[in-house]
Protein chains: 4
Amino acid sequence: MPRPRERILDTAMILFHQQGYNNTGINQIIEDAAVSKASFYQHFRSKDDLCIEFLDKRYAYWVSELQNFISDAETVEEKFLKSFDFLIHMNKKENFRGCSFLNILSEIPVEKTDLHHVIRQHKKTLRDAFNTDIKDDLISDHIYLLFESCILTSQLYRSNELIEKSKTIVKDILHDSLRKNE
Amino acid sequence: MPRPRERILDTAMILFHQQGYNNTGINQIIEDAAVSKASFYQHFRSKDDLCIEFLDKRYAYWVSELQNFISDAETVEEKFLKSFDFLIHMNKKENFRGCSFLNILSEIPVEKTDLHHVIRQHKKTLRDAFNTDIKDDLISDHIYLLFESCILTSQLYRSNELIEKSKTIVKDILHDSLRKNE
Amino acid sequence: MPRPRERILDTAMILFHQQGYNNTGINQIIEDAAVSKASFYQHFRSKDDLCIEFLDKRYAYWVSELQNFISDAETVEEKFLKSFDFLIHMNKKENFRGCSFLNILSEIPVEKTDLHHVIRQHKKTLRDAFNTDIKDDLISDHIYLLFESCILTSQLYRSNELIEKSKTIVKDILHDSLRKNE
Amino acid sequence: MPRPRERILDTAMILFHQQGYNNTGINQIIEDAAVSKASFYQHFRSKDDLCIEFLDKRYAYWVSELQNFISDAETVEEKFLKSFDFLIHMNKKENFRGCSFLNILSEIPVEKTDLHHVIRQHKKTLRDAFNTDIKDDLISDHIYLLFESCILTSQLYRSNELIEKSKTIVKDILHDSLRKNE
DNA sequence: GATGAATGAGGGTTCATTCAT
DNA sequence: GATGAATGAACCCTCATTCAT
């Protein structure tokens, strides 16, 4: 059994993602983590504080899972297509819960600027990653926009349909870009 | 001064959209609407009930504003581009609060199937509208995905940058489609 | 059985005075008053809010008891001496708990300016009352200072000794003032 | 940097006096004193234990400051008047925080007899000191009562007005006593 | 002699909802 | 048709203290 701090974070990893931030109370967290309330506040200054650590950990987890999932891709195109497949994979695994970052973004008031900042930061990192693989800004943002939209709409419709469609679209985009560069 | 029911709905229109669903308490609603608590529950079975009516009214409002905004468009392309301009217009007007439907989707637990259903329904209507203007499924969904993504990412980054970029992308998509159909 | 609001105030009258403000929790108040926690907050915005009402009610009670106690005094001197006897009477009745106003003054941080203001206000009213009976500022403040000091030191030493001594002092003061005016 | 025990006491000297006893948590003390929690409990059996040491140290400090302030007084009268000036001096220095002994007396429940005892003891020592300078019990207690009242009311009204008035009163008292003894 | 981890009990406050009138 | 009173459950957070190391 890991140390309390780990247990709290592990519990938050499950609950915040599955139930949302506001729908998960401190009481449920400490009960599931088998930790006293005062212990919780010894390790985290506030629930918002835990949220920030959660966001960091969730991002690290998500990225590592993604990297792993697309690791055997040999071309850039394959890499992108596998990334969209990864969304399908995660939807299955996590029952279409969508993106924790966007969910929490919708939950919290604008006044919580620190949380907003962290969310934005992580999303920006993802967006930049697209641009690393495709130097053309317009194309990388184009695919990034589709990617975000796929996460969102598959959560909304509880269906992978638009992800599949996006794969076709992305293929077209990449082929077109090659053709134009000739 | 309109009847109580109207006042409640009008108040919800402001508060739910600006503060979010969970962050808006019944007490604030009835106070702002100048209505007694019992009166509230006479008109609405529950807060969720009010939420559904809110979603309906919000959709009607949003669509009518959109229609109005793009009414003088003369071509399909112009219509689409103006739709993206509408997002910029709304971001300015509503301080990048994003989409009430998606925000509430993120806030509520999956168990509230009725709310999920209403949200999905309205979003599906929007998606279908894109398909009415462009018969090609792939293209209309492509633009729809960009559209949703623009709402989302402009809320996230508090910037219209990606909306502007999307307009360029959409122009390309439409021109390409014309070229291919020739 | 009176209405909840009354029960809460009556309970606060006992507990705040006997245990102090910070040593009396909301939980004890609502339990003793047999009222639910939410009911409490329906009637009082906060604990501090209740405190203000308590201070008002306590002052009214204390003054009325005082008036009653000294009602049969026929001269100004007798009135003052009986006022000091009233302190002895209250010490006996309330087990040397001293003055709620001064006790709470000592308990709360300076930031709570509204509470400080109310306390000051009531004390000023008392001080002014002394000046109504004795027009000479210096003498009335002199006796007022002794009066406050008697409340305080009798609480401190749990003894009425200094009150008795003060009665002698006050007699001297008043006689001296008469002599000088001759 | 002094030893931990000293640092804790020094910190308590500041915090207990300025914020009050109950409003100062152990956590703030150990943080400000840069001491571990277990270290704290190694040196002090409990918070109440620290409080007693604080009261002792505070008394020693206060008396020494007072002695120093009135050291150049040449007559008994001058000594007393300077003592009242000392109150003004301290009010300025400590922002009308009043008397730590009386403040804590108001904060703690009657059950804490040891704390009450210590407070009473120190105050009795002060009262006795007045009687050393003026052999007449009635007069020395009279001035003592005014002295305590001045501390209290200047804290209450956040003003030195009544201290100034008391100086006039004290002068009268001493002159009268001389006249009578002639 | 010194420490970080862990705690039970309680702090004040807010929630959506129901009831008698 | 409208109301103010009342509620149980849950909210996030802090308290002084003890323990194994």
Side-chain angles (χ1 to χ4, degrees), chain A residues 2-8 21-31 33-51, chain B residues 3-5 7-8 21-31 34-51, chain C residues 2-8 21-31 33-51, chain D residues 3-5 8 21-30 34-51:
Chain A
R3 318 208 93 200
R5 193 172 208 286
E6 294 303 308
R7 296 208 302 274
I8 294 169
Y21 181 58
N22 287 327
N23 293 318
T24 304
I26 291 282
N27 288 321
Q28 191 185 2
I29 293 174
I30 62 169
E31 190 172 344
V35 160
S36 81
K37 195 169 284 192
S39 260
F40 175 92
Y41 281 96
Q42 187 123 19
H43 294 292
F44 302 94
R45 242 199 302 248
S46 66
K47 194 190 175 192
D48 282 1
D49 223 58
L50 171 61
C51 187
Chain B
R3 319 207 87 209
R5 194 171 207 288
R7 295 209 303 274
I8 294 170
Y21 181 58
N22 287 326
N23 293 318
T24 304
I26 291 282
N27 288 321
Q28 192 185 0
I29 294 173
I30 63 168
E31 188 174 344
V35 160
S36 84
K37 192 163 285 192
S39 254
F40 175 90
Y41 280 95
Q42 192 126 13
H43 291 294
F44 302 94
R45 226 179 319 185
S46 67
K47 193 189 175 192
D48 283 0
D49 224 58
L50 171 62
C51 187
Chain C
R3 317 208 95 200
R5 195 173 206 287
E6 294 302 310
R7 296 208 303 273
I8 294 171
Y21 181 58
N22 287 326
N23 294 316
T24 305
I26 290 283
N27 288 320
Q28 191 185 1
I29 294 174
I30 62 170
E31 190 171 343
V35 159
S36 81
K37 196 169 282 193
S39 260
F40 175 92
Y41 280 95
Q42 187 122 21
H43 293 293
F44 302 94
R45 242 200 300 248
S46 66
K47 194 190 174 191
D48 282 0
D49 222 59
L50 171 62
C51 187
Chain D
R3 320 206 84 210
R5 193 172 208 286
I8 293 169
Y21 181 58
N22 287 326
N23 293 320
T24 303
I26 291 282
N27 288 321
Q28 192 185 0
I29 293 173
I30 62 168
V35 160
S36 85
K37 192 164 284 191
S39 253
F40 174 90
Y41 279 96
Q42 193 127 12
H43 292 296
F44 302 94
R45 228 182 316 185
S46 66
K47 194 190 174 191
D48 283 1
D49 225 57
L50 171 62
C51 187

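Protein chains get the first letters and strands the later ones, always in sequence-line order, with residue 1 at the start of each. Only this structure's heavy atoms are used, side chains among them; waters, hydrogens and symmetry mates stay out. Note that this is a predicted model, so its numbers are computed, not measured.
- At whole-Å resolution of the value, CD1 in C:I30 and P in F:dA9 are 13 Å apart.
- Among the nucleotides E:dA2, F:dA6, E:dT7, the one closest to any side-chain atom of A:S36 is E:dT7.
- For the pair C:I8 CD1 and F:dA5 P, the computed distance is 11 Å after rounding to whole Å.
- The distance from atom CD of C:E31 to atom P of E:dG12 is 14 Å, rounded to the nearest whole Å.
- Taking CZ of A:R3 as the start and OG of A:S39 as the end, the distance is 11.0 Å to the nearest 0.5 Å.
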Annotated protein contacts, base or backbone, on nucleotides 16-21 of chain F with a non-hydrogen cut-off under 4.0 Å, one of B, S, - each: SBBB--
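- Both distances falling under 3.5 Å, in either a Watson-Crick or a G-U wobble arrangement, place F:dC12 opposite E:dG11.
- Across the protein-nucleic acid pair, C:R5 atom CZ and F:dA6 atom P stand 11 Å apart, rounded to whole Å.
- One finds no side-chain N or O of C:S39 lying less than 4.0 angstrom from the OP1 or OP2 phosphate oxygen of F:dA5.
- Smallest separation of non-hydrogen atoms from C:V35 and C:F40: CG1-N, 3.9 Å.
- A distance of 8.0 Å separates CZ of B:R5 from CD1 of B:I8, quoted to the nearest 0.5 Å.
- The side chain of D:H43 places an N or O atom within less than 4.0 Å of a non-bridging phosphate oxygen (OP1 or OP2) of E:dA2.
- Residues D:Y21 and D:C51 approach most closely at CE1-CB, 3.5 Å, considering heavy atoms.
- With rounding to whole Å, C:Q28 atom CD is found 17 Å from E:dA9 atom P.
- Taking the side chain of D:P4 as heavy atoms from C-beta on, and the options F:dA5, E:dA5, E:dA2, the nearest nucleotide is E:dA2.
- Spacing between atom CD of A:Q42 and atom P of E:dT3 amounts to 15 Å, rounded to whole angstrom units.
- Judged by Watson-Crick or G-U wobble contacts below 3.5 Å, the nucleotide E:dT18 has F:dA5 as its partner.
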Review item, side-chain donor-acceptor pairs of residues 22-30 of chain D, under 3.5 Å, at least two apart:
{"unit_1": "D:N22", "atom_1": "ND2", "unit_2": "D:E107", "atom_2": "O", "d": "3.4"}
{"unit_1": "D:N22", "atom_1": "ND2", "unit_2": "D:E107", "atom_2": "OE1", "d": "3.4"}
{"unit_1": "D:N23", "atom_1": "ND2", "unit_2": "C:E107", "atom_2": "O", "d": "2.8"}
{"unit_1": "D:N23", "atom_1": "ND2", "unit_2": "D:Q19", "atom_2": "O", "d": "3.2"}
{"unit_1": "D:T24", "atom_1": "OG1", "unit_2": "D:L15", "atom_2": "O", "d": "3.4"}
{"unit_1": "D:T24", "atom_1": "OG1", "unit_2": "D:Q19", "atom_2": "OE1", "d": "3.1"}
{"unit_1": "D:T24", "atom_1": "OG1", "unit_2": "D:G20", "atom_2": "O", "d": "2.7"}
{"unit_1": "D:N27", "atom_1": "OD1", "unit_2": "D:K37", "atom_2": "NZ", "d": "2.5"}

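- In terms of heavy-atom proximity, B:P4 sits nearest to B:H43 at CB-NE2, 4.0 Å.
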